[in-house]
Amino acid sequence: MSGLFNLPPRATKAGDSLLAKKASKAAQANVGITIKGGGGLLERISTISAMVNKNLGKYKDRYEVIRDEETFEKYIDECIKNGVISIDTETNSLDPITCTLAGLCLYTTGNKAVYIPLHHVSYVTGIEIENQISDEFATKQMQRIVDNKIKVIMFNAKFDIRVIKNQLGVELTAYWDGYLAARLLNENEPESNLKALHKKYCMQGEGDAFGFDSLFKGIPFTHIPVNTGYLYAARDAEITYELYEFQRPFLTEGDPICVERDLTGPAFVFNHIEMPLINIVAEMEDTGVAFDFDLADRLSKEYNIKLKEAEDKFYKKCDNFGEALDKYREKRGAANKLQYPVNISSPTQIAIMLYDVLEIKPVDKEKPRGTGEEILSKIDHPVAKAILEYRGIAKLLSTYIDKMPAITNPKTKRIHASFNQIGADTGRFSSSDPNMQNIPSHNNEIRKMFRASDGYVLLSSDYSAQEPRIMAHMSKDEKMIKAYRDGKDLYVEIASMAYNMLYSECKEFREDGTSNPEGKERRGAAKAIVLGVCYGKGVAAIAEDLQVTKKKAQEIYDKVMVSFPGLKRFMEESEAMARDYGFVTTVWGRKRRLPNMQLPPYEFTYIGGAPKDFDPLFDDEDEFDDGLLEIDEATKQKYINLLNRTYSRKEKEVIKAKAKTEGILIKDNGGYIAEATRQCVNSRIQGSAADQTKLAMILVGNDARLKELGFKLLLAVHDELIGECPRENAKEVSERFAQLMVEAAKDLAVPSKCDVEVTECWYGEPLQLD
DNA sequence: ACGCGACGCGCC
DNA sequence: AAAGGGCGCGTCGCGT
């Protein structure tokens, strides 16, 4: 059974909003609402109404539409009485700034879940319909929720908080976010959307008959008739609450279930990191970053010229062997995949050109027909160089330069990226639309498109050596801790141990300030090893990084391990923890489940039904069909011994093939186990770093003094926070900013350090303060 | 026309 | 023996 644990498909991390991802892109790009399938909007809506009524008709009396103020107010009275409410919003797009709020979905215990239409329109005339609650009144009721400190239950709270803030002017704070809770309770959950979670955990897997999301796809909720939409909408508020009821004991510190299930760590992270962070992130996204359209324009022109040049150069190089290309095309006839001219951005065609036409010997045994950066740069041929040059420019243009202006918000003219608070399974943030975490930094022209608002300056503060410091803390290695406490450069310290040399001989610069290339190299080697360990890298890959032989890399690696025994111990402990319990933890208690660490190295099943010695008189044929019949221990052991005796993949294949002739299928889990093993240390370090940065965001985002000084957070890039403030406050803000980030790391056994840069644009020239 | 996986590549 | 952790996104090419 454990074979089913093979690398689950990545979950859809977006929240469970009504519209599909595609629709959101269209809305964000401000191309307006387009209805899929051309015309027929009216027909489609009639169909939807019929479908919804048929399938959700059973809920008709369970939910209610509120169309008058008195009933709305009374409903909020009930919520205040209960002290708890679940809230969901329906909108016509996924952009909280420009969307129209179609209506509110509310639920509180002992009452029907309700839908309150605010801005529905007639799908025939497009004009707002009658009998809807006014924004003013809705605002009043939302404010009562805040004033009476009702616990607000949401799913993907950041979205609804932003919608209600932007459209009604009230800033709610969620008490519970079912999405973040689900991500903490099981980051390996195949689907973390509301309906899937509710179905799985609240309905024993028996959900509603059909998927409404696909049904509504492309149709704005404002256009759905209220008498149809309310069934769907009100139900969301109710299931949001039911999911909360299910999740609550697991993530409530002190609840017996939480303690029993060993969830006090995740509960701490949920209550003291993730939940308090939501409003900070919501505000950050609403603020957005100012954008330099002129620079974007200039870069676009510049790079499009460069692109054209690179393309021409490629064609010219191809012409040098044009005959060979033609010959190939002719030879393959109808099966020919090589276009004329060769499509420079098609990996398939590039592979044909390099390996079939030019007959270049493969440089990588694993990828004999690879066309990636690494492989191309090893191929000594002008055409390979031309491809690399073209790719570099094309990537910059399509992903960044031309993309950014198109994604600026039509209303604010700024970039409002989305941050998924637990985007990564390790606990890290992820960013999308656009991804602000992979903007090129080597080529800093691109980053300069992002700038401070007029009269403001940009402040960027990053943790210096965040992950190695966390490594020092978690490993408790005395020498590592001492190095940081003494204010030393850990990489220099490690190099000095590994090479058996003086500290000063391993520094990038000498006492007098002149550079020391040998020192720099030694420090670099140590850094590569420490980071390599962080990432679970092997010695061979480290050797590749350092451009030294594997033997040499192994030597340095061994010396580092001997010099810092805590490091070795930490790696072993982390792996043992994952093997014994199936998970590892961060400094603050977040978990990363690694079920693959508990897989048996090999699994045995009968194939093709019965084994050879199957006797139809005495054995039941059905037993063999699902691999139900256990293979006897002696046979298993025989093969395990054989497999363990060899290290070569080829020989293992031979053994597996031999087993097959006996009707036995051997599944080798070695690859999955190795992958999980690499994640053990990495997840703890990366996850702890994420916790730390998040704590810093909470301190920075809630700091009263920074607020007074007009400081606003704009971006989070893993170990770096970026904000802006009025120019005249830059000095005080930059000091306090760094100080708060350091404070967030006060629980570590090593000191933290933050470097702040004050600029006009991202990666711009540092400004002189005062 | 669209969905999806593979590949390639930008960042920390 | 071989071994790079975590993302999002653009393009291609295949399948529907």
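Keep in mind that the numbers below use all heavy atoms, side chains included, and drop hydrogens, waters and symmetry copies. A, B, ... follow the sequence lines: proteins, then strands. Residue 1 opens every chain.
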Presence of salt bridge, A:Glu653 and A:Lys656, under 4.0 angstrom: yes
Distance, rounded to the nearest Å, where A:Arg428 contributes CZ and C:dG6 contributes P: 10 Å
Could you work out, with salt bridge (Lys or Arg N to Asp or Glu O under 4.0 Å) as the rule, every residue matching A:Arg329, not counting sequence neighbours? A:Asp326
Contact under 4.0 Å: A:Asn343 side-chain N or O vs C:dC12 OP1/OP2: yes
When you check the phosphate oxygens OP1 and OP2 of B:dG10, does a side-chain N or O of A:Thr399 lie under 4.0 Å from one of them? no
Candidate nucleotides C:dG5, C:dC9, B:dC12, ranked by approach to the side chain of A:Asp433 - the nearest: C:dC9
What does A:Ala540 touch in the nucleic acid at a heavy-atom separation under 4.0 angstrom: a base, only the sugar-phosphate, or nothing? nothing
Starting at atom CZ of A:Arg183, determine the distance to atom P of C:dG6, rounded to an integer number of angstrom. 12 Å
Across the strands shown, which category fits A:Gln437 at heavy-atom distances under 4.0 angstrom: base, sugar-phosphate, nothing? base
How would you label the contact of A:Arg684 with the nucleic acid (heavy atoms, under 4.0 Å): base, sugar-phosphate, or nothing? nothing
What is the distance from CD1 of A:Ile352 to C1' of B:dC7, rounded to the nearest Å? 15 Å
Distance check, C1' atoms only: C:dA2 and B:dG8, in whole angstrom units. 22 Å
Over all strands shown, is A:Ser683 touching base, sugar-phosphate only, or nothing at heavy-atom distances under 4.0 angstrom? nothing
Please report the distance, rounded to the nearest Å, between CD1 in A:Ile673 and C1' in C:dA3. 14 Å
Does a side-chain N or O from A:Lys403 land closer than 4.0 Å to OP1 or OP2 of C:dC9, or not? no
Mind calculating the distance between CE (A:Met404) and P (C:dC9) to the nearest angstrom? 10 Å
Take atom OH of A:Tyr390 and atom C1' of C:dC12, then tell me their distance rounded to the nearest Å. 13 Å
Would you mind telling me which of B:dC12, C:dC7, C:dC9 lies closest to the side-chain atoms of A:Val717? B:dC12
Is A:Glu389 salt-bridged to A:Lys385, cutoff N-O under 4.0 Å? no
Think A:Ser441 has a side-chain N or O under 4.0 angstrom from the OP1 or OP2 of B:dC12? yes
Decide whether a cation-pi geometry holds between A:Lys694 and A:Phe429; the criteria are a distance under 6.0 Å from NZ or CZ to the six-membered ring centre and an angle within 45° of the ring axis. yes
Do the side chain of A:Arg678 and the base of C:dG4 come within less than 3.5 angstrom through a donor-acceptor pair of N or O atoms? no
Ion pair check, A:Glu187 and A:Lys591, cut-off under 4.0 Å: no
Indicate whether any N or O donor in one side chain lies under 3.5 Å from an N or O acceptor in the other, for A:Asn420 and A:Arg428. no
State whether the distance check finds a donor on one side and an acceptor on the other, under 3.5 Å, for side chain A:Asn438 versus base B:dG10. yes
Using the P atom on both, measure C:dA3 against B:dC7 and round to a whole Å. 16 Å
Between A:Val539 and A:Lys395, which is nearer to the 5' end of DNA chain C once each is assigned its nearest nucleotide? A:Val539
What is the distance, rounded to the nearest whole Å, between atom CD1 of A:Ile439 and atom P of B:dC11? 10 Å
Check if the side chain of A:Arg391 and the base of B:dC9 share a donor-acceptor pair of N or O atoms closer than 3.5 Å. no
Given C:dG4, C:dG8, C:dG6, identify the nucleotide with an atom nearest to the side chain of A:Asn435. C:dG8
Contact nearer the 5' end of DNA chain C, comparing A:Arg592 with A:Lys550: A:Lys550
In whole Å, I'd like the distance from the CE atom of A:Met436 to the P atom of C:dC7. 20 Å
